[in-house]
2 protein chains.
Amino acid sequence: MENKPYLTPKQEKVLNFIRKRIGERLPPTIREIGWELGFKSTGTVRDYLRVLIQKGLVRRMNNKSRAIELTERAGFNKIPIIGTVMAGKPNLAYEEIQGYVDSDDLFLGRLGFDDVFALRVKGDSMIDAGILDGDVAIIKKRPNADNNDIVAALLDSNEVTLKRLRNKAGKFHLEAANSNYPPIFEEFKVIGKLITVIRKY
Amino acid sequence: MENKPYLTPKQEKVLNFIRKRIGERLPPTIREIGWELGFKSTGTVRDYLRVLIQKGLVRRMNNKSRAIELTERAGFNKIPIIGTVMAGKPNLAYEEIQGYVDSDDLFLGRLGFDDVFALRVKGDSMIDAGILDGDVAIIKKRPNADNNDIVAALLDSNEVTLKRLRNKAGKFHLEAANSNYPPIFEEFKVIGKLITVIRKY
DNA sequence: TGACAAACCACACATTTGTGTGGTATATAT
DNA sequence: ATATATACCACACAAATGTGTGGTTTGTCA
């Protein structure tokens with residue numbers, strides 16, 4: 001869990017500008033950095049980049065335009081986990097950060113997008129599994145799944161439903177996570193497996 | 001809900017290469033596209049870019065290196081919503097796509113990262129709100145919140161907890177979403193508001 | 001006092017990168 | 001017949017961009 005090394009305020013500004021531009025999809029050129037921060041010489045910017053590289057926050061490729069990357073150590077695109085709920089004494093001033101979640105990882109974990117689709121959950125049939133009306137379910141396409149997996153299944157009636165897959169004596173059926181809904185024994189086809197649930201407030 | 005227009009196989013290849021490179025964080029130069037796809041002339045690449053721009057899939061900035069962007073219409077970095085659970089007749093062959101979720105939007109919705117942190121949920125005190133042990137709660141830093149918001153709060157005991165904020169007769173207290181836990185009337189400070197819950201299986 | 005880091009500038013030069021002009025060949029549509 | 005789209009190439013040229021050298025000033029640390 002390497003920590004970000006000490007940066008002077010100016011160095012921090014340079015790093016932040018690079019970060020901002022990368023977030024906006026295109027890393028800056030050396031001159032763009034200079035223009036933004038009021039440097040009149042490209043040499044000045046190169047000095048800053050040199051220290052940022054030396055401190056392990058930035059990576060570059062030679063002779064390639066805009067080829068500036070932030071390293072893990074820079075800690076951007078990462079969300080700090082500042083403590084576990086009901087445990088410890090978290091500090092918002094970044095002094096007791098327990099770790100970081102990479103925002104991309106947290107979301108899809110570097111899956112390709114090709115085998116993934118989303119279903120917006122409607123109804124309360126999975127409420128006991130903590131899946132609520134309006135949640136977005138991210139599904140990885142698969143023709144099968146294991147016992148107890150939550151799956152998206154295509155029913156004979158041509159509906160898609162999100163349910164828990166159960167194997168009772170070698171025969172699969174679907175179960176809601178809500179006692180108000182009966183298990184489904186009709187014919188169905190697994191189309192994918194639930195990998196992530198996202199809820200926005 | 002505009003659809004991707006018809007592309008020839010070669011045009012598709014160019015688009016995919018651009019997409020790949022953007023995904024790898026640095027859009028390609030015209031010559032890099034040419035090298036990858038075996039074109040000996042920059043003019044050829046420019047021809048392709050021209051048609052992709054004309055078909056509304058690509059945007060560019062003049063005289064800026066690597067300034068190639070994919071438009072909404074290109075449909076990348078988006079996850080198709082292929083139907084609502086228990087409603088309709090979804091088609092995995094992309095013929096009945098109801099829309100797309102931008103993966104970034106879905107996750108953080110273009111917030112800056114600066115005011116955001118994550119808590120890993122421990123315990124079952126919010127289970128009735130569909131927040132389970134192990135879920136990641138994304139919190140936006142705020143010193144206050146509204147009645148019924150779920151907030152991260154710092155207790156006098158120096159613990160952070162995730163609870164629902166209640167306003168009873170002008171006085172705020174915290175409530176679990178689990179009848180096994182009593183409401184909290186002790187002193188506390190709101191440090192942020194729950195904006196997203198993510199659960200990975 | 002000397003060494004060193006931070007924080008700058010100027011400017012020449014090389015390389016990369018984008019642009020522009022003008023081609024060729026093939027197929028399909030009008 | 002000729003217009004249009006696809007699918008290329010070869011350059012020359014200009015603009016953008018990265019590199020290299022050699023400075024200055026200020027402050028700190030030993």
Side-chain angles (χ1 to χ4, degrees), chain A residues 3-22 24-71 73-74, chain B residues 3-22 24-71 73-74:
Chain A
N3 244 352
K4 197 159 77 171
Y6 168 76
L7 293 182
T8 67
K10 300 238 178 183
Q11 289 166 3
E12 196 96 40
K13 273 187 186 173
V14 173
L15 190 63
N16 276 321
F17 176 66
I18 294 169
R19 178 208 180 188
K20 182 184 158 220
R21 280 304 194 76
I22 289 177
E24 291 166 7
R25 232 91 254 267
L26 199 61
T29 64
I30 287 180
R31 281 171 182 80
E32 283 170 356
I33 296 172
W35 296 332
E36 173 73 18
L37 302 181
F39 302 135
K40 286 172 186 158
S41 167
T42 54
T44 305
V45 179
R46 275 155 58 77
D47 285 348
Y48 278 104
L49 289 181
R50 202 164 350 96
V51 306
L52 291 177
I53 289 167
Q54 202 218 326
K55 290 181 177 175
L57 303 170
V58 162
R59 232 191 320 272
R60 290 190 72 200
M61 282 159 75
N62 289 339
N63 298 317
K64 293 250 153 267
S65 67
R66 304 177 188 276
I68 301 177
E69 264 186 318
L70 299 183
T71 64
R73 210 176 181 191
Chain B
N3 243 351
K4 197 159 77 171
Y6 168 76
L7 294 182
T8 66
K10 299 238 178 185
Q11 289 166 3
E12 196 96 39
K13 272 186 186 171
V14 172
L15 189 64
N16 276 322
F17 176 65
I18 294 169
R19 176 206 182 189
K20 182 183 157 220
R21 280 302 195 78
I22 289 178
E24 291 165 7
R25 230 95 257 267
L26 198 62
T29 65
I30 287 179
R31 280 171 182 83
E32 282 169 357
I33 297 172
W35 295 332
E36 173 72 17
L37 302 181
F39 302 137
K40 287 173 186 158
S41 168
T42 56
T44 304
V45 178
R46 276 155 57 77
D47 286 347
Y48 278 103
L49 289 180
R50 202 165 349 96
V51 306
L52 291 176
I53 289 167
Q54 203 218 328
K55 290 182 177 175
L57 302 170
V58 162
R59 233 191 320 273
R60 290 189 72 201
M61 282 159 75
N62 288 341
N63 299 318
K64 293 250 152 270
S65 67
R66 303 177 188 276
I68 301 176
E69 265 187 316
L70 298 183
T71 65
R73 210 175 181 193

* To do: Name the nucleic acid region contacted by Arg66(A), choosing base, sugar-phosphate or nothing; use a 4.0 angstrom heavy-atom cut-off, strictly under.
  => sugar-phosphate
* Structure fact -> Heavy-atom nearest nucleotide on DNA chain D taken for Pro9(B) and for Asn62(A); more 5' hit belongs to Pro9(B)
* Asked: Looking only at N and O atoms, is any donor in the side chain of Thr44(A) or the base of dA7(C) less than 3.5 Å from an acceptor on the other one?
  -> no
* Asked: What distance separates Leu57(A) CG from Ile18(A) CD1, expressed to the nearest 0.5 Å?
  -> 9.5 Å
* Asked: To the side chain of Ile30(A), which of dA10(D), dC8(C), dT19(D) is closest?
  -> dT19(D)
* Asked: What nucleic acid atoms does Arg50(B) come within less than 4.0 Å of, heavy atoms only: base, sugar-phosphate, or nothing?
  -> nothing
* Asked: For Ser65(A) and Arg66(B), does a side-chain donor sit closer than 3.5 Å to a side-chain acceptor?
  -> yes
* Structure fact -> Rounded to the nearest 0.5 Å, the CD atom of Glu32(A) sits from the CD1 atom of Ile68(A) at a distance of 9.0 Å
* Structure fact -> Output for pair (Arg31(A) CZ, Trp35(A) CH2), nearest 0.5 Å, gives 7.5 Å
* To do: Please figure out whether Thr42(A) or Thr8(B) has its closest DNA chain D nucleotide nearer the 5' end.
  => Thr8(B)
* Once you round it to whole Å, what is the distance between P of dA6(C) and CG of Leu7(A)? -> 10 Å
* Roughly how many Å is it from CG in Asn63(B) to P in dC13(D), rounded to a whole number? -> 18 Å
* Asked: For the side chain of Thr29(B), counting heavy atoms from C-beta on, which of dT17(C), dA7(C), dA7(D) is nearest?
  -> dT17(C)
* Asked: Which comes earlier along DNA chain C counting from the 5' end, the contact point of Lys55(A) or that of Arg31(B), where each point is its nearest nucleotide?
  -> Lys55(A)
* Which whole-number value in Å describes the distance from Leu49(A) CG to dC8(C) P? -> 14 Å
* Would you kindly give the CZ-to-C1' distance between Arg46(B) and dC9(D), to the nearest whole Å? => 14 Å
* Structure fact -> Of the candidates dA6(C), dG18(D), dG20(D), the side chain of Val51(A) sits closest to dA6(C)
* **Options dA6(C), dC8(C), dT16(C), nucleotide nearest the side-chain atoms of Asp47(A)** => dC8(C)
* Atom-to-atom span, NZ of Lys10(B) to C1' of dA25(C) - whole angstrom -> 14 Å
* **Minimum-distance nucleotide (side-chain atoms of Ser41(A) versus dA10(D), dA10(C), dG20(D))** => dA10(C)
* **Chi angles and distances behind the salt bridge (charged side-chain N to carboxylate O under 4.0 Å, His left out) call for Arg60(B), Glu69(B)** => CA-CA 6 Å; Arg60(B) 290 189 72 201; Glu69(B) 265 187 316; over 6 Å; no
* To do: In whole angstrom, give the distance that lies between atom NZ of Lys40(B) and atom P of dC11(D).
  => 12 Å
* For the pair made of NZ in Lys64(B) and C1' in dT19(C), what is the distance, rounded to whole Å? -> 14 Å
* Minimum-distance nucleotide to Gln11(B) side chain [options: dC9(D), dT17(D), dT6(D)] -> dT6(D)
